[in-house]
Trainee: 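My structure is below; once you've seen it, I'll send some questions.
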Amino acid sequence: MAKETEMQSNFIYTLISKDVAEGKNDGRVHTRFPPEPNGYLHIGHAKAVLLNYKLAKAFNGKFNVRFDDTNPVKEEQEFVDSILEDLRWLGVDWEDRLYYSSDSFELKYEFARRLIQAGKAYVCDLSPEEIREYRGTLTEPGKESPYRNRSVEENLDLFERMRKGEFPNGSRVLRAKIDMASGNLNMRDPVLYRILHVEHHRTGDTWCIYPMYDFDHPFTDALEGITHSLCSIEYTDHRPLYDWIVENALELMPEVIKTRSRQTEFARLNLTYTVMSKRKLRRLVEEGYVSGWDDPRMPTISGLRRRGVTPEAIADFQEKAGVARADSTVSLELLEHCIRNDLNTRAHRVMAVLDPLKVVITNWPAEKTEMLTLENLPGNKAAGTRQVPFGRELYIEREDFLENPPKKFFRLSPGKEVRLMGAYIIKCEKVIKDEDGRVVELHCTYDPETKSGSDKSGKKVKGVIHWVAAAQAARITVRMYGNLFTKENPEAEEDFTACINPHSLATLENVPAEPAAASAPPGTRFQFMRKGYFYLDPEDLKKGKIVYNYTVGLRDSWAKMQK
RNA sequence: UGGGGUGUCGCCAAGCGGUAAGGCACGGGACUCUGACUCCCGCAUUCGCAGGUUCGAAUCCUGCCACCCCAGCCA
């Protein structure tokens, strides 16, 4: 039986528990993640990967990774590499079981031969257009191919010659002989093999006929001993064919096929304010709406990684979003919650002022710099402390000062006091404006009795704001990201590019930050106090530029109150 | 009378005949040198609709409605 597990109850978990209890497959649980190497992984794939992986773990089973590389026209090594990198980053472990469908092309060829010998498959000479016509429609049955009743000998001969390359692309296919009148179109003599004179990224020019998914997938699952083959809802209609293949493989290839693998479908993940289809993601990249597959605004694994999201947050999200069969769209807020939740306990704190307003502490000596000690993770001694310089000229966030503050505004305003985080309480004495009336500088005084950690003043101020000493400030670049789309469901739009958010990226240059922000290693995640979480971009750092990507903001109940 | 699938709180989602879990969001309060975090409290007399069976139904039956998928030699 299953051990204690982090998994929330879901229908697949329940189903597997039942199978194990009944002793199916000798109580073995073996899952797999079968990506096609024709694109980058996105968070929807992460759901599938983690589900498969965690299910295997929960039942002490095994988990394979298998590239579904049966269509050399669309597949490339580049994608194999990126997928593997993303999978490793996600933290799944396939041990030594990394497979490719193409590893077993020879066995599949043999299986196809045996289907022919059993009278269950035939070579069809119909053109693609004719096959479509013969297939019938959703409401009318199809009709049988004139080649359906060829002799076993002729079929074997033709199939062998297909393999040898005697025929051009599209001239012939191998089909299963099932039922042209089935209400399920997948059962109307589905194509098993097609001729493709195309070089394969792994098998080169060894083959010019390639198996179709419906033939290859069930066979490969059974071959690998997969007990539970999870896939998305749109394959539900394929299940009868999946079973047909497995049953025949069990019967005709008993020397290698021993597992009656079963397919179970679940709903794919949709997220608000983004798109998930490979085709649309590709358009975003190719038409330059984003900088690449790893643009931090992309829902790809590489994009999320470069945004600063952690694999732990993704796993938590996957768990919290759940699994079911109903179509659903999870709100982005849940993902953001999981990211904050994770980063809150691990991202060291640092101060940076995104929209600076200069403050002069008039009673602070011009040349004096005091080093203050701040905790990296307030409340967590183990995370240590850092030194932060304090001086006469500082920057504070422009929005933290209001000349005419509304009620309940706890920050700085004329004649009012506020605490500079980790430093002193200051009082705003004078507001300096330019000729246009814009506030350009504040003159304040500090109270020496109020030093953080040794306050002897007894003052209680409600507001605490972050700041950066001007003289020692590091200058960093910050990329602020917003949702890529302005509509919750871009997929529902006539043209999804029409609702692309033109303000999804704002680059802030020369952002003053405390020195620690300039000496962090690539990939560091910080919380810029009171602003949000930020990720030190490794790609830009390689080029010598310190750029922080906005991961997610802190919740802001003040902003909410203003609405 | 094509076939298949799904409908439980704004968004996810448990529930499997015994009288509606949980998370996110939201509202209120406490705490706070992050208006963050944390902590309390609130949030479906009701489970697509209508009938029926039953002492008892979100769970069983019947009918209806809505939405999604399928006519690639893609996966």
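Residue numbering restarts at 1 for every chain, and letters A, B, ... go by the order of the sequence lines.
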Trainee: Taking only the P atom of each, what is the distance from B/rG48 to B/rA14 in whole angstrom?
Mentor: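 Approximately 14 Å lies between the P atom of B/rG48 and that of B/rA14.
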
Trainee: Using the C1' atom as the reference point in each nucleotide, state the distance between B/rG63 and B/rG42 in Å, no decimals.
Mentor: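 One C1' to the other, the span is 40 Å.
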
Trainee: Please list, chain by chain and in numerical order, all residues satisfying salt bridge (charged side-chain N to carboxylate O under 4.0 Å, His left out) with A/E78, sequence neighbours excluded.
Mentor: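 Partners of A/E78 under the salt bridge (charged side-chain N to carboxylate O under 4.0 Å, His left out) test: none.
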
Trainee: Heavy atoms from C-beta onward define the side chain here; which of B/rG35, B/rC24, B/rC73 lies closest to that of A/R194?
Mentor: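 So the side chain of A/R194 is nearest to B/rC73.
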
Trainee: Any side-chain heavy-atom pair from A/K278 and A/L281 closer than 4.5 angstrom?
Mentor: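 Result no, sub-4.5 Å side-chain heavy-atom pair not found.
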
Trainee: Can you sort out which residues in residues 261-274 of chain A have a heavy atom within less than 4.0 Å of RNA chain B? Ascending by number, please.
Mentor: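 Heavy-atom cutoff 4.0 Å gives no residues at all.
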
Trainee: Just call it for A/G532: base, sugar-phosphate, or nothing, with non-hydrogen atoms closer than 4.0 Å on any strand.
Mentor: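 No contact.
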
Trainee: Name the nucleic acid region contacted by A/F409, choosing base, sugar-phosphate or nothing; use a 4.0 angstrom heavy-atom cut-off, strictly under.
Mentor: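 Counting heavy atoms under 4.0 Å across all strands, the contact made by A/F409 includes a base.
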
Trainee: With side chains defined as the heavy atoms from C-beta onward, is the minimum distance between A/L185 and A/L138 less than 4.5 Å?
Mentor: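 Contact flag for A/L185/A/L138 side chains = yes.
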
Trainee: Given the P atoms of B/rC70 and B/rC9, what is the spacing between them in whole Å?
Mentor: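 Comparing P positions in B/rC70 and B/rC9 gives a spacing of 26 Å.
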
Trainee: So, using salt bridge (charged side-chain N to carboxylate O under 4.0 Å, His left out) as the criterion, who are the partners of A/E199 when residues are at least two apart?
Mentor: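 Result, salt bridge (charged side-chain N to carboxylate O under 4.0 Å, His left out) vs A/E199: none returned.
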
Trainee: Less than 4.0 angstrom between a side-chain N/O of A/R135 and OP1 or OP2 of B/rC73, yes or no?
Mentor: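 Yes.
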
Trainee: Would you check if there is a donor-acceptor pair between the side chains of A/D221 and A/S229 at a distance under 3.5 Å?
Mentor: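 Present: a donor and an acceptor within the cut-off.
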
Trainee: Testing the 3.5 Å rule here: is there a donor-acceptor pair between the side chains of A/Q527 and A/H348?
Mentor: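 There is no such pair (donor and acceptor under 3.5 Å, judged by atom type) between the side chains of A/Q527 and A/H348.
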
Trainee: Heavy atoms only, 4.0 Å cut-off, all strands: where does A/M212 land among base, sugar-phosphate and nothing?
Mentor: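 The answer is sugar-phosphate, as A/M212 gets under 4.0 Å only of primed atoms, P, OP1 or OP2.
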
Trainee: Does anything in residues 236-246 of chain A come within less than 4.0 Å of RNA chain B? Heavy atoms only, and list the residues if so.
Mentor: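 By residue number: A/T236, A/D237, A/H238.
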
Trainee: Between A/K560 and A/D327, just flag the one whose closest nucleotide in RNA chain B comes earlier from the 5' side.
Mentor: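 Final value for this comparison: A/K560.
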
Trainee: Identify, with sequence neighbours excluded, every residue that meets salt bridge (charged side-chain N to carboxylate O under 4.0 Å, His left out) alongside A/E370.
Mentor: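 A/E370: salt bridge (charged side-chain N to carboxylate O under 4.0 Å, His left out) contacts with A/K451.
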
Trainee: Under 4.0 Å from any atom of RNA chain B, heavy atoms only: list the residues of residues 126-133 of chain A that qualify, in numerical order.
Mentor: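 RNA chain B contact set from residues 126-133 of chain A: A/L126, A/S127, A/P128, A/I131, A/R132.
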
Trainee: May I ask you to say what A/V323 touches in the nucleic acid, namely base, sugar-phosphate or nothing, with a heavy-atom cut-off under 4.0 Å?
Mentor: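 Contact class for A/V323: sugar-phosphate only.
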
Trainee: Which is true for A/T329 with a 4.0 Å heavy-atom rule: it touches a base, it touches only sugar-phosphate, or it touches nothing?
Mentor: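 Result for A/T329 = sugar-phosphate.
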
Trainee: Would you say the side-chain atoms of A/S457 and A/D455 include a donor-acceptor pair closer than 3.5 Å?
Mentor: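 Yes, because at least one side-chain N or O of A/S457 sits under 3.5 Å from a partner of the opposite role on A/D455.
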
Trainee: Taking the P atom of each, how far is B/rC40 from B/rC31, in whole Å?
Mentor: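 Approximately 15 Å lies between the P atom of B/rC40 and that of B/rC31.
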
Trainee: Counting only side-chain heavy atoms from C-beta out, which of B/rA75, B/rG35, B/rA25 sits nearest to A/E36?
Mentor: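 Nearest to the side-chain atoms of A/E36, counting from C-beta on, is B/rA75.
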
Trainee: Under a 3.5 Å threshold, yes or no: a donor from one side chain and an acceptor from the other, between A/N38 and A/E36?
Mentor: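 Per modelled atom types, A/N38 and A/E36 side chains form a pair under 3.5 Å.
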
Trainee: Students often get this wrong, so: under 4.0 angstrom with heavy atoms, is A/Y235 touching a base, only sugar-phosphate, or nothing?
Mentor: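 Base, at least one base atom sits under 4.0 Å.
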
Trainee: Sticking with atom P, work out how far B/rC11 lies from B/rC16, rounded to a whole angstrom.
Mentor: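 So the two P atoms sit 24 Å from each other.
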
Trainee: Could you tell me whether the side chains of A/T310 and A/D342 share a donor-acceptor contact shorter than 3.5 Å?
Mentor: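 The answer is yes; a qualifying pair exists.
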
Trainee: Quick one: A/K487 NZ to B/rC11 C1', roughly how many Å, whole number?
Mentor: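 Result: 19 Å.
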
Trainee: Over how many whole Å does the gap from A/N186 atom CG to B/rA75 atom C1' extend?
Mentor: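 Atom CG in A/N186 sits about 12 Å away from atom C1' in B/rA75.
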
Trainee: Report yes or no: is there a donor-acceptor pair, N or O only, under 3.5 Å between the side chain of A/S331 and the base of B/rC12?
Mentor: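 Not at all, since no donor on one side and acceptor on the other fall under 3.5 Å apart.
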
Trainee: Does A/E234 offer a backbone N or O that forms a donor-acceptor pair with the side chain of A/S232 under 3.5 Å?
Mentor: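 No, A/S232 side chain to A/E234 backbone: no donor-acceptor pair under 3.5 Å.
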
Trainee: Rounded to whole angstrom units, what separation is found between the OH atom of A/Y147 and the C1' atom of B/rC73?
Mentor: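 After rounding, the gap between these two atoms is 15 Å.
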
Trainee: Hey, does the Lys NZ or Arg CZ of A/R163 hover above the aromatic six-ring of A/Y109, less than 6.0 Å from the centre and inside 45° of the axis?
Mentor: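 Checked: cation-pi criterion met.
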
Trainee: Whole angstrom is fine here: how far is it from CG in A/L196 over to P in B/rA75?
Mentor: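 It works out to 9 Å between those atoms.
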
Trainee: Considering heavy-atom distances to RNA chain B, does A/S328 or A/V461 have its closest nucleotide positioned more toward the 5' end?
Mentor: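 Looking at the nearest nucleotide for each, A/S328 comes out on the 5' side.
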
Trainee: Quick check on B/rA75: is either OP1 or OP2 less than 4.0 Å from any side-chain nitrogen or oxygen of A/T70?
Mentor: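 Yes, such a contact exists.
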
Trainee: Now, which nucleotide makes the Watson-Crick or G-U wobble pair with B/rC64, with each of the two distances under 3.5 Å?
Mentor: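 With both distances under 3.5 Å, B/rC64 matches B/rG48.
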
Trainee: Distance check, P atoms only: B/rA25 and B/rA20, in whole angstrom units.
Mentor: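 Approximately 27 Å lies between the P atom of B/rA25 and that of B/rA20.
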
Trainee: Is it true that A/D400 and A/R530 have a side-chain N and a carboxylate O under 4.0 angstrom from each other?
Mentor: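 Looking at A/D400 and A/R530, the cut-off is met.
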
Trainee: Taking salt bridge (charged side-chain N to carboxylate O under 4.0 Å, His left out) as the definition, give me every residue that meets it alongside A/E449, ordered by chain and number, with sequence neighbours left out.
Mentor: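 Result, salt bridge (charged side-chain N to carboxylate O under 4.0 Å, His left out) vs A/E449: none returned.
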
Trainee: With rounding to the closest Å, how many angstrom separate the P atoms on B/rU1 and B/rA57?
Mentor: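 About 36 Å, rounded to a whole number of Å.
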
Trainee: Does A/Y147 have any ring pair (Phe, Tyr, Trp, His ring centres under 6.0 Å) partners at least two apart in sequence or in another chain, and if so, which?
Mentor: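 By the ring pair (Phe, Tyr, Trp, His ring centres under 6.0 Å) rule, A/Y147 matches no residue at all.
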
Trainee: Which side-chain N or O atoms in residues 170-178 of chain A pair as donor and acceptor under 3.5 Å with protein atoms at least two apart or in another chain?
Mentor:
from: A/S171; atom 1: OG; to: A/P168; atom 2: O; distance (Å): 2.7
from: A/R172; atom 1: NH1; to: A/D125; atom 2: OD1; distance (Å): 3.1
from: A/R172; atom 1: NH1; to: A/D125; atom 2: OD2; distance (Å): 2.9
from: A/R175; atom 1: NH1; to: A/D189; atom 2: O; distance (Å): 2.9
from: A/K177; atom 1: NZ; to: A/R148; atom 2: O; distance (Å): 3.2

Trainee: Provide the distance between the two P atoms, one in B/rA58 and one in B/rG35, to the nearest whole Å.
Mentor: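 Rounded to whole Å, the distance is 47 Å.
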
Trainee: Return the set of residues passing ring pair (Phe, Tyr, Trp, His ring centres under 6.0 Å) with A/F215 (not counting sequence neighbours), or none when no residue passes.
Mentor: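 Here the qualifying residues are A/F111, A/Y193.
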
Trainee: Rounded off to whole Å, could you give me the NE2-to-C1' distance for the A/H197 and B/rC73 pair?
Mentor: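 That distance rounds to 13 Å.
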
Trainee: Could you tell me whether B/rG72 is syn or anti, where syn means a glycosidic angle within 90 degrees of zero?
Mentor: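 It is syn.
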
Trainee: Distances for protein N/O vs nucleotides 36-41 of chain B N/O pairs under 3.5 angstrom?
Mentor:
from: B/rA36; atom 1: OP1; to: A/S557; atom 2: OG; distance (Å): 2.7
from: B/rC37; atom 1: O2'; to: A/N344; atom 2: ND2; distance (Å): 2.9

Trainee: Specify the residues of residues 165-181 of chain A, ordered by number, for which at least one heavy atom lies under 4.0 angstrom from an atom of RNA chain B.
Mentor: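 Per residue number, the list reads A/G170, A/V173.
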
Trainee: When the distance from CG of A/L332 to P of B/rA25 is rounded to whole Å, what number comes out?
Mentor: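 To the nearest whole Å, that distance equals 12 Å.
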
Trainee: Just the rounded figure in Å: distance from P of B/rC33 to CD1 of A/I426.
Mentor: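 These atoms are roughly 17 Å apart.
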
Trainee: Mind running side-chain contact (heavy atoms from CB on, under 4.5 Å) on A/Q263 and A/H217 for me, showing each step along the way?
Mentor: CA-CA 10 Å; A/Q263 171 178 304; A/H217 203 86; 5.9 Å; no

Trainee: Please say whether the positively charged group of A/K108, taken as NZ for Lys or CZ for Arg, lies over the ring of A/F219, i.e. under 6.0 angstrom from the six-membered ring centre and within 45 degrees of the axis.
Mentor: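 No cation-pi geometry.
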
Trainee: CZ of A/R325 versus P of B/rG5: gap in Å, rounded?
Mentor: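 It works out to 7 Å between those atoms.
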
